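Everything below concerns the one structure shown next.
What you see is a predicted model, and the numbers here were worked out from it, not measured in a lab.
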Amino acid sequence: MCKLAGRERRRNFASGVLCLLVCGFVFALYEREAQAAPGDLDPTFGNGGTVMTLVAAQDRGFAMVRQPDGKLVVGGRSRPGDFQDFALVRYNPDGSLDTSFGVGGKVITSLAYPGAPQDELHALVLQPDGKIVAVGSCRTFSSTNSALLASGVARYNPNGTLDTTFDGDGILFIEASVENAAVLQPDGKIVFGGGTGFFPSSNFGLARVNPNGTLDTTFGGTGIVSVDFNGSGDGIFGLALQPDNKIVAAGITYGQGSDNNFGLARFNPDGSLDTTFDTDGKVVTDFANMSDKGFAVVLQPDGKIIVSGTASPQVNIFDFGLARYNTNGSLDTTFGSNGKVTTNFFVGVDIAYAVKVQPNGKIVAAGVSGGGGTAFAVGRYNADGSLDTAFGNSGKVETFYEGLDEAHAVLIQPDGKIVVAGTANGGGTIGQFALARYLGDAPAITRAKPFDFDGDGVADVAVFRPSNGTWYLNRSAQGLTATQFGAAADRLVPADYDGDRQTDLAVFRDGTWYILNSTNNQLRAVQFGVGGDVPQPGDFDGDGVADICVFRPANGTWYMQQSASGFVTVPFGQAGDRAVADDYDGDGKTDVAVYREGAWYVQQSRDGFQGTQFGNATDAPVAGDYDGDGRADLAVFRAGTWYLLRSQQGFTTIQFGLSTDAPAPADYDGDGQMDVAVFRDGQWYIQRSQAGFTSIQFGQSGDVAVPHTRVP
């Protein structure tokens with residue numbers, strides 16, 4: 001490889017020789033990039049794929065969230081003086097410090113709980129408005145002091161300052177040790193999890209806090225819930241929220257001696273145990289009659305539950321341990337060996353502190369391996385629990401920093417890359433926040449733009465005339481056309497069903513789909529669904545072809561025939577919900593989603609469940625990518641006003657249209673951003689994000705604007 005210094009020393013070489021050297025250098029870079037594989041460190045991130053950040057001293061990183069703009073927030077603790085405090089660091093997408101956050105990208109907060117000078121942040125939650133919620137412990141030097149039962153919660157504005165609308169000063173203390181995990185509900189309430197009481201008589205503990213920072217006394221009567229497994233000490237380390245607002249808590253239940261086990265419980269929205277879950281709401285999982293501990297939990301799109309942690313096959317030996325459960329709490333015997341998987345990285349201590357599910361169903365677990373000191377450890381598994389041999393070294397990757405290194409958080413980016421965060425040199429007197437980014441699977445295939453009937457990347461103005469069953473298309477590249485296709489009572493379901501990047505004419509009629517493929521102008525009829533179903537076509541498997549899908553309000557279930565993955569059912573929703581499927585996490589796959597009385601419930605294929613209160617019962621949901629970041633934004637149309645909660649650019653309102661107009665958003669100027677538009681008695685009014693306002697006469701009174709039909 002040719003180095004710059006070498007070229008400087010050889011300035012007198014012929015230009016042809018220099019050209020050969022440069023070409024060889026470029027070829028070497030190309031060859032190295034071409035050989036890159038999943039599990040390799042990403043050279044575009046930090047220093048060859050890794051980042052270390054000294055906050056003050058004795059830093060430990062425990063939690064991480066990713067903002068819609070790609071910035072990463074890592075939280076933990078630091079010791080700027082005699083005592084340790086909450087610490088937050090925000091990074092740009094390339095791993096550099098974001099100096100617009102706090103001081104030079106860093107924030108240190110002393111919670112100042114009376115008699116408890118030691119603070120340590122354990123979990124982070126990112127709100128839709130960009131505010132950051134952090135929870136952790138408030139401790140003293142004495143193990144007998146009651147301050148050990150206190151947890152501290154801090155809420156920060158997007159710039160890193162404390163949000164004083166939260167409990168008056170931005171900091172809330174909860175008189176229970178619910179310090180280990182947090183999850184945000186759609187109504188803005190936050191659930192925290194840990195262990196209430198002193199070990200060895202501690203219990204699974206939950207607390208729920210209102211958006212203003214007060215305890216929600218509708219939760220368990222006081223805002224705090226405590227559940228005992230076996231009287232020997234229990235604690236929550238991971239939380240997940242189901243679409244029905246039930247809370248899944250995972251952690252440890254301590255037995256006699258070294259016989260500790262995974263503990264899993266499911267709670268109803270009011271804090272009571274859900275007795276439909278393994279008959280009493282609680283599940284205990286033993287691997288080998290030794291010391292097993294659960295540390296993280298994630299929900300699959302089909303509702304199955306994965307818990308990761310550590311399993312001990314023999315005394316003083318610990319492996320990655322994963323267990324997968326069915327929705328009723330039973331172990332999923334299609335996963336690993338009777339629902340359980342163990343992975344040895346190195347003889348010693350291997351712990352999977354974090355787990356996530358990729359859009360393609362592969363499972364990524366991250367934590368620590370005990371070889372050569374300790375190291376970041378990442379394992380990737382196929383959907384059946386077997387190691388994915390295409391990842392790293394036969395499914396496993398270790399990354400060393402300065403010795404005693406531990407990963408505690410993992411996430412999957414929209415581009416498929418895997419980010420892991422934790423601590424470098426955690427056993428030393430310095431210690432630093434540490435991150436690593438690994439190459440992952442290629443992102444899903446880009447889908448055709450909605451309502452682009454001629455494939456030029458621009459949505460076309462189009463109407464359907466029920467009186468004669470005719471589609472009238474004003475195509476931006478190919479001009480006007482009219483096609484008789486359908487009947488007055490049909491539901492319009494145009495999408496790209498043949499993968500040619502052009503929207504096909506299609507209708508849904510009493511359980512039958514009639515599709516006119518644009519590639520060959522051939523009609524096909526598919527019986528899929530029943531009368532009363534809500535058709536919701538989308539690319540649910542990310543192969544670039546729209547899949548046939550229906551939402552059945554009668555039982556709250558989605559039925560889809562995926563072009564790449566076959567028949568799939570997803571329980572998600574209930575009677576009265578409005579189906580609003582779209583790609584909300586930007587991974588190239590359509591996500592199942594419902595709108596219910598002003599609340600959005602989305603089962604994201606990459607980022608898991610998200611619930612957000614945005615709108616009211618009478619609004620028309622008009623989700624779409626209004627800021628061009630590849631993610632569908634929450635949006636509603638109300639009496640001529642558009643309310644948009646954009647994933648990258650935040651909240652905005654736009655007065656555009658009348659209450660009687662039909663909203664018809666689409667990308668009419670081809671810039672990748674959804675444009676607000678309305679259809680009124682044959683007249684189109686469009687506010688294009690790049691090309692500005694336009695008005696088009698196309699259609700007549702009684703016609704149906706084709707884009708509007710995406711939201712039944």
Side-chain angles (χ1 to χ4, degrees), residues 450-451 453 459-474 480 482 486-494 503 507-508 534-536 551 553 576-582 593-600 613-626 632-646 651-669 673-689 691-712:
F451 319 114
F453 293 94
D460 303 312
V461 170
V463 298
F464 176 74
R465 189 162 298 163
S467 61
N468 60 10
T470 299
W471 299 66
Y472 298 90
L473 312 179
N474 187 10
L480 299 173
D490 291 345
R491 286 180 179 261
L492 309 186
V493 287
T503 300
V507 297
F508 177 77
V534 179
Q536 283 280 284
F551 171 63
D577 288 349
R578 303 182 71 177
V580 287
D582 213 323
V594 296
Y595 182 77
R596 182 186 307 159
E597 305 239 341
W600 298 73
Q613 178 68 43
F614 188 76
N616 60 42
T618 60
D619 290 345
V622 285
D625 183 8
Y626 291 90
D633 305 312
L634 308 188
V636 296
F637 178 75
R638 181 188 307 160
T641 300
W642 300 68
Y643 298 86
L644 312 178
L645 186 58
R646 299 166 298 178
F651 173 75
T652 191
T653 63
I654 302 172
Q655 174 62 48
F656 193 83
L658 305 175
S659 60
T660 54
D661 290 344
D667 182 10
Y668 294 98
D669 53 11
Q673 299 184 47
M674 189 77 83
D675 304 315
V676 299
V678 296
F679 177 71
R680 182 189 309 158
D681 295 330
Q683 192 75 26
W684 294 75
Y685 301 91
I686 305 172
Q687 184 61 51
R688 298 167 295 182
S689 49
F693 174 77
T694 188
S695 176
I696 302 171
Q697 173 63 47
F698 190 79
Q700 63 186 33
S701 180
D703 287 349
V704 176
V706 171
H708 181 51
T709 62
R710 295 189 71 228
V711 183

D675 side chain reached by D667 side chain, heavy atoms, under 4.5 Å
yes

At what distance, to the nearest 0.5 angstrom, does CD of Q673 lie from CZ of R688?
13.5 Å

Those residues that, when tested against F453, pass ring-ring contact (aromatic ring centres under 6.0 Å, His included) (two or more places apart)
none

Do the side chains of R638 and D619 get close enough for a salt bridge, i.e. N-O under 4.0 angstrom?
yes

Could you state the interatomic distance from CZ (F698) to CG (N474), rounded to the nearest 0.5 Å?
4.5 Å

Between L644 and A635, the two heavy atoms sitting closest are CD2-CB, 3.4 Å

Under a 3.5 Å distance rule, please check whether Q687 uses its side chain to pair with a backbone N or O of S689 as donor and acceptor.
no

Which residues share a side chain to side chain contact (heavy atoms under 4.5 Å, CB included) with A666, sequence neighbours left out
F451, A459, Y668, M674

Which atom names give the shortest non-hydrogen contact between A579 and V534, and what distance separates them?
CB-CG1, 4.2 Å

Applying side chain to side chain contact (heavy atoms under 4.5 Å, CB included), can you list everything that pairs with D577, at least two apart in sequence or on another chain?
F551, Q574, V594, R596

For E597, the side chain to side chain donor-acceptor pair (under 3.5 Å) test, sequence neighbours excluded, returns none

So, taking the atom named CG in L480 and the one named CG in L473, what distance separates them when rounded to the nearest 0.5 Å?
9.0 Å

Under 6.0 Å between ring centres: does that hold for W684 and F679?
yes

Partner residues of D460 under the salt bridge (charged side-chain N to carboxylate O under 4.0 Å, His left out) criterion, sequence neighbours left out:
none

My understanding is that only residues two or more places apart in sequence, or in another chain, count here; which of them pass side chain to side chain contact (heavy atoms under 4.5 Å, CB included) with T470?
N468, Y472, A482, Q484

Please identify each residue that fulfils side chain to side chain donor-acceptor pair (under 3.5 Å) with S695, with sequence neighbours left out.
Q683

Which pair of heavy atoms, one from A488 and one from P466, lies closest together, and at what distance?
CB-O, 3.5 Å

Apply side chain to side chain contact (heavy atoms under 4.5 Å, CB included) to the pair I686 and V461, showing each step before the final yes or no.
CA-CA 10 Å; I686 305 172; V461 170; 4.2 Å; yes

Sequence neighbours excluded, which residues qualify as side chain to side chain donor-acceptor pair (under 3.5 Å) partners of T641?
Q655

Over all atoms of both residues, closest heavy-atom pair of V463 and G699:
CG2-CA, 4.3 Å

I'd like to check the side chain to side chain donor-acceptor pair (under 3.5 Å) partners of T618; sequence neighbours left out, ordered by chain and number.
N616

I'd like to know if the side chain of D703 reaches the main chain of D681, judged simply by a donor and an acceptor atom lying under 3.5 Å from each other, with no hydrogens or angles considered.
no

Without swapping roles, check the side chain of W600 against the backbone of Q613 for a donor-acceptor pair under 3.5 Å.
no

Quick one: are the ring centres of W642 and F637 less than 6.0 Å apart?
yes

I'd like to check the ring-ring contact (aromatic ring centres under 6.0 Å, His included) partners of F508; sequence neighbours left out, ordered by chain and number.
W513

Would you name the heavy atoms of D582 and A623 that are closest together and state the gap between them?
OD2-O, 3.9 Å

Y626/V676 under side chain to side chain contact (heavy atoms under 4.5 Å, CB included): CA gap, chis, key distance, verdict
CA-CA 8 Å; Y626 291 90; V676 299; 4.1 Å; yes

Heavy-atom nearest pair, P494 first then T503, reads CB-CG2, 3.6 Å

Cation-pi geometry met for R680 and Y685 (6.0 Å, 45°)
yes

Do P621 and V580 have side-chain heavy atoms sitting under 4.5 Å apart?
yes

Do F656 and F693 make a side-chain contact, defined as non-hydrogen atoms from C-beta onward lying under 4.5 Å apart?
yes

For F464, give me all partners under ring-ring contact (aromatic ring centres under 6.0 Å, His included), at least two apart in sequence or on another chain.
W471

Under the side chain to side chain contact (heavy atoms under 4.5 Å, CB included) test, residues paired with D625 that sit two or more places apart
D627, D629, D633

